[in-house]
> 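So that we are looking at the same thing, I have put the structure below in structure tokens.
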Amino acid sequence: RLSKRTKKMWYDNVSLNTDYNYISSRIRLARNFDNALFPSKLSDTEAKKLIDKTIGELSNISTDLGMQTNADILDRISEIERMSMYDRKILNLTLAKKKTPTGIILNDNEDISIVINGDDHIRLQTLSVGISLYELLEKANRIDDYINEHFEYAFNEKYGYLTTYPTNIGTGMRAAIVLHLPASTQSKGFSKLISSVGRFGVAIKGLHGEGRENHGALFEISNPKTLGISEKEILDTVIKVANQLNANERKLRESLIIEKRLEKQDEAYKSFGVLKYARKLSLKDALSFLSSLMEGSADGLIELANESKLYSMMIGAQSSNLLKMAGRPLSEDEIDEIRAKYIRDNIGELL
């Protein structure tokens, strides 16, 4: 039996159409304190003291910045919950599996998180649906300034913010946009396009695999470089490439709707039928059918009562989230069975 989620999260409001294939945006800032050793050099005792002091200093962040937050220590959280946080885009895989002391401040709808003593002393993240990097940076800067009022950052006039990994030195900022690109994935030149965008100063990766095996057709565009480039230049470059990918996807989809409307409509209805009635679903099949249904719904080929929940079902269908909801260990077969039930319970009806 699955426990139902009652809180509404940021990812519950994704809405797509033929012209607009942007799933989400993210800004992430890496910072270190000027008067402390980097996390990898701290003993567990020193790390715990740093975390306690940081959480204590930032204890009024909810009141001062008008956002509801909770603080916790990651090693007090179960491995299943940490992996669920990874699938919900709160932690990266390294942080989810980290054994040394790490703290986190997280707001209610999970679009703001502050990881303390992860790879760096501070890992600040803001998330939203759609394409909104500038708004997210403004929000992140406000929180960043608040933290900087309490702690002096390690900053060099020549190199910028000093970080654990050289790839983050400079602005310390990673900007990312996730797009749904089902038609592009099937086009002949897409793999070549992905490998060629590096010259524009961005990287593209599949969220759930690589190339044509990226189940769900979700792709993240981000900046691999932070040194010698301004925040504005990073954002403008990521947005420009995302817009180009979106425009390419739009043209392909418009052609498909004209040339193969019935076939695409049939794919969407078949996907709905499988998701609505299947008794077992692998993650690969769940993501693939949800992607097909997202495409059909966005293109107006099928009308769903719960169209905005399709992306959140991609997150909910991850094994860690199913294990969390089940509240007990599950075999692979049981996970596939519970995944199918979770989707049946949430997919809603046709309009």
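For the numbers below, each heavy atom of this structure counts, side chains included, while hydrogens, waters and symmetry mates do not.
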> My understanding is that only residues two or more places apart in sequence, or in another chain, count here; which of them pass ring pair (Phe, Tyr, Trp, His ring centres under 6.0 Å) with Tyr146?
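Tyr146: ring pair (Phe, Tyr, Trp, His ring centres under 6.0 Å) contacts with His150.
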> Report the relative orientation of the aromatic rings in His121 and Phe38; use parallel for angles under 30°, tilted for 30 to 60°, perpendicular for over 60°.
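The arrangement is perpendicular - the two ring planes meet at more than 60°.
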> Could you give the distance from CD1 (Ile177) to CD1 (Ile239), rounded to the nearest 0.5 Å?
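Going from the CD1 atom of Ile177 to the CD1 atom of Ile239 covers 5.5 Å.
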> Can we call the ring centroids of Tyr22 and Tyr20 under 6.0 Å apart?
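Yes, they do, as the ring centres are separated by less than 6.0 Å.
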> Would you say that more than 12 heavy atoms from the other residues, nucleotides or ligands in this model lie under 6.0 Å from the OH of Tyr159, or not?
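Incorrect, the count does not exceed 12.
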> Output, in order, the C-alpha distance, side-chain angles, deciding distance and verdict of salt bridge (Lys or Arg N to Asp or Glu O under 4.0 Å) for Arg339 and Glu332.
CA-CA 10 Å; Arg339 181 179 291 114; Glu332 287 298 320; over 6 Å; no
> Decide yes or no on side-chain hydrogen bond (donor to acceptor under 3.5 Å, both in side chains) for Asp145 and Asn141, but give the supporting numbers first.
CA-CA 6 Å; Asp145 290 344; Asn141 280 338; over 6 Å; no
> Looking at Asn17 and Asp19, would you say the former's side chain and the latter's main chain have a donor-acceptor pair under 3.5 Å?
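Yes; judged by distance alone, with no hydrogens or angles, the pair exists.
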> Whether Arg31 engages the ring of Tyr161 as a cation-pi pair (distance to the six-membered ring centre under 6.0 angstrom, angle to the ring normal within 45°) should be assessed.
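Yes, a cation-pi geometry.
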> Once the angle between the rings of Phe219 and Phe190 is folded into 0 to 90°, is it parallel (under 30°), tilted (30 to 60°) or perpendicular (over 60°)?
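It falls in the perpendicular class, over 60°.
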> At their closest point, which heavy atom of Asn223 faces which heavy atom of Val238, and how far apart are they?
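Scanning both residues, the minimum pair turns out to be N-CG2, 4.0 Å.
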> Which value, rounded to the nearest 0.5 Å, describes the distance between Ile143 atom CD1 and Leu124 atom CG?
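One finds 5.0 Å between CD1 of Ile143 and CG of Leu124.
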> Answer yes or no: are there more than 12 heavy-atom neighbours, outside Glu79 itself, under 6.0 Å from its atom CD?
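Not more than 12 within 6.0 Å, no.
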> Checking the side chain of Thr226 only, and the main-chain atoms of Pro224 only, is there a donor and an acceptor separated by less than 3.5 Å?
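Not confirmed, Thr226 side chain does not pair with Pro224 backbone.
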> Once you round to the nearest 0.5 Å, how far does CG of Asp52 lie from CD1 of Ile55?
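With rounding to 0.5 Å, CG (Asp52) is 6.5 Å from CD1 (Ile55).
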> More than 12 non-hydrogen atoms from neighbouring residues, nucleotides or ligands closer than 6.0 Å to CD on Glu57, yes or no?
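Yes, because the 6.0 Å sphere around CD of Glu57 holds more than 12 heavy atoms from other groups.
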> May I ask whether Leu137 and Ile131 are part of the same hydrophobic cluster, defined by side-chain heavy atoms of I, L, V, M, F, W, Y residues being less than 4.5 angstrom apart, directly or through others?
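Yes; tracing contacts between hydrophobic side chains, which count when under 4.5 Å, links both residues.
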> Looking at CG of Asp119 and CG of Asn168, how far apart are the two atoms once the value is rounded to the nearest 0.5 Å?
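So the CG of Asp119 and the CG of Asn168 are separated by 8.0 Å.
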> Taking Asn346's backbone N and O only, do any of them form a donor-acceptor pair with Asn306's side chain (distance below 3.5 Å, no angle check)?
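Looks like yes, one N/O pair under 3.5 Å.
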